[in-house]
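Structure, as structure tokens:
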Protein chains: 2
Amino acid sequence: MAEPHELREKGLRLTPQRELVLSAVRSLGHATPEDVAERVRQTHPGINLSTVYRNLETLENVGLVQHTHLGHGGATYHAAEAKLHAHLTCERCGVLIEVPIEETSLLTQSLLNDYGFHTDLEHLAISGRCEDCFEKP
Amino acid sequence: MAEPHELREKGLRLTPQRELVLSAVRSLGHATPEDVAERVRQTHPGINLSTVYRNLETLENVGLVQHTHLGHGGATYHAAEAKLHAHLTCERCGVLIEVPIEETSLLTQSLLNDYGFHTDLEHLAISGRCEDCFEKP
DNA sequence: ACCTAATTGCGAAAGATTCGCACTTACTCA
DNA sequence: TGAGTAAGTGCGAATCTTTCGCAATTAGGT
Ligand SMILES: [Mn+2]
Ligand SMILES: [Mn+2]
Ligand SMILES: [Zn+2]
Ligand SMILES: [Zn+2]
């Protein structure tokens with residue numbers, strides 16, 4: 001018996017669209033649904049945008065991808081990896097910096113102690129100004 | 001000469017709509033444009049939603065209000081006050097906790113040292129689980 | 001191969017925000 | 001004080017993003 005495909009292991013049907021959505025997320029790093037659709041269309045031109053949305057949601061439900069909000073609006077997706085990271089995003093130029101989660105433990109610890117709040121730094125990025133953008137306002 | 005109205009001081013024209021939008025933001029605490037519109041309509045039923053959007057933007061430009069993103073989507077507005085605060089928001093129940101900015105200084109300091117990143121905790125909320133929602137998942 | 005439920009494509013709907021433009025109004029200053 | 005002018009408003013339509021309903025297709029179990 002061959003080892004089952006990772007999608008099948010999660011109890012999902014293996015469709016070309018689903019596989020392509022997952023690999024698009026993985027290769028793009030952090031991508032909007034529209035980005036993902038565009039990438040998938042390179043090998044599967046007919047894919048519908050709603051199929052992309054639905055698969056992103058499905059893949060997130062089984063823990064293969066995650067979404068985060070980098071700026072003012074919508075979601076961007078990235079592969080769920082072993083190493084968690086927080087997102088820093090420059091509100092000027094949009095650059096994205098990934099920070100090992102340990103870097104934030106002092107904050108999360110004190111929010112827990114003082115407010116009983118369990119911080120999830122994956123979901124919403126931390127906004128601010130990158131070094132370059134801070135220097136030349 | 002009477003002291004000029006605060007809106008006039010900022011170089012803005014004083015219209016009933018604008019004044020009402022500002023006072024709605026102040027009294028509501030944290031509110032969506034729709035919330036603001038609803039409040040304003042209590043005394044000025046005819047106000048148009050696009051007038052609300054435009055005034056929120058204008059008021060933000062002159063520093064009287066600020067917007068922040070509490071959840072997955074749109075903006076909520078609050079009055080720009082002397083005391084800065086970070087926003088904690090529960091991704092389960094939506095409760096909002098305001099945290100004095102000092103509470104976060106260890107994090108912002110280390111992000112600055114390690115990444116040259118100037119954190120703005122006003123713009124994007126910190127996501128997580130409140131105490132209640134963490135206990136009963 | 002066959003059956004069934006999951007998945008897809010499609011078009012429409014919904015929700016949020018922005019825009020163009022003609023009309024109104026707050027302020028300037030003669 | 002009363003034009004004149006530019007800022008502000010209302011209205012409707014346009015955009016943009018995300019979601020839905022439904023009929024047609026297809027993956028996986030038997
Ligand atoms: Mn924003
Ligand atoms: Mn989200
Ligand atoms: Zn930058
Ligand atoms: Zn909660």
Side-chain angles (χ1 to χ4, degrees), chain A residues 1-25 30-38 40-41 43-62 64-65 67-77, chain B residues 1-25 30-41 43-62 64-65 67-77 94:
Chain A
M1 54 224 62
E3 63 268 33
H5 188 284
E6 63 179 328
L7 288 175
R8 306 255 44 236
E9 277 179 339
K10 299 290 189 177
L12 300 179
R13 285 197 184 174
L14 187 53
T15 69
Q17 291 91 335
R18 183 164 289 162
E19 225 176 340
L20 288 166
V21 166
L22 177 55
S23 86
V25 170
H30 291 80
T32 64
E34 194 57 65
D35 293 336
V36 172
E38 193 179 324
V40 172
R41 279 188 210 113
T43 50
H44 191 103
I47 197 171
N48 192 275
L49 190 51
S50 55
T51 299
V52 173
Y53 273 96
R54 285 185 289 225
N55 274 316
L56 288 171
E57 185 181 357
T58 299
L59 293 171
E60 183 157 41
N61 286 339
V62 299
L64 288 170
V65 309
H67 82 267
T68 187
H69 302 268
L70 297 181
H72 308 251
T76 69
Y77 287 82
Chain B
M1 53 224 62
E3 64 265 32
H5 187 283
E6 63 180 327
L7 289 174
R8 306 253 47 235
E9 278 179 339
K10 300 289 189 177
L12 299 179
R13 286 197 184 175
L14 187 52
T15 69
Q17 291 91 334
R18 182 164 290 160
E19 226 176 339
L20 289 166
V21 166
L22 177 56
S23 85
V25 170
H30 291 81
T32 64
E34 194 58 64
D35 294 335
V36 172
E38 193 179 324
R39 169 67 60 95
V40 171
R41 279 188 209 113
T43 49
H44 191 104
I47 195 170
N48 192 275
L49 189 51
S50 54
T51 299
V52 173
Y53 273 96
R54 283 184 291 227
N55 274 316
L56 288 171
E57 185 181 356
T58 301
L59 293 171
E60 183 156 41
N61 286 338
V62 299
L64 287 170
V65 309
H67 81 268
T68 187
H69 302 268
L70 298 181
H72 308 250
T76 69
Y77 287 82

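Side chains are part of it too, since the values below use all heavy atoms of this structure and drop only hydrogens, waters and symmetry mates. Naming convention: chains lettered A, B, ... in sequence-line order (proteins, then strands); numbering from 1 in each chain.
- When each of B/Pro16 and B/Ser50 is assigned the nucleotide of DNA chain C bearing its nearest heavy atom, the one mapping closer to the 5' terminus is B/Ser50.
- The 5' end of DNA chain D is approached more closely, in terms of each residue's nearest nucleotide, by A/Pro33 than by the other of A/Pro33 and A/Arg13.
- Residue contacts for B/His72: at a heavy-atom cut-off of 4.0 Å it reaches no nucleic acid atom on any strand shown.
- When the shell of 6.0 Å around CD of B/Gln17 is examined, it contains more than 12 heavy atoms from other residues, nucleotides or ligands.
- Residue-to-nucleotide proximity on DNA chain C shows that, of B/Ala75 and B/Leu14, the 5′-proximal contact is made by B/Ala75.
- If you take NZ on B/Lys10 and CG on B/Leu59, they are separated by 10.5 Å, rounding to the nearest 0.5 Å.
- Across the interface with DNA chain D, nearest-nucleotide mapping of B/Thr58 and A/Arg54 shows B/Thr58 to be the residue nearer the 5′ end.
- One interatomic measurement links the two molecules: CG of B/Leu56 to C1' of C/dT17, which rounds to 12 Å at whole-angstrom precision.
- Atom pair B/Leu7:CG and C/dT25:P shows a separation of 19 Å (rounding to whole Å applied).
- For DNA chain D, the span of nucleotides reached by chain A at under 4.0 Å from its heavy atoms goes, 5' to 3', from D/dT17 to D/dG29.
- Partners of A/Asn61 under the side chain to side chain contact (heavy atoms under 4.5 Å, CB included) rule, at least two apart in sequence or in another chain, are A/Glu57.
- Rounded to whole Å, the distance from CD on B/Glu34 to P on C/dG15 is 11 Å.
- Between B/Thr58 and B/Asn55, the side chains place no donor N or O within less than 3.5 Å of an acceptor N or O (distance only, hydrogens not considered).
- The shortest heavy-atom contact between B/His67 and B/Ala75 is CD2-CB, 3.8 Å.
- Rounded to a whole Å, the CG atom of A/Leu12 is 10 Å from the P atom of C/dT8.
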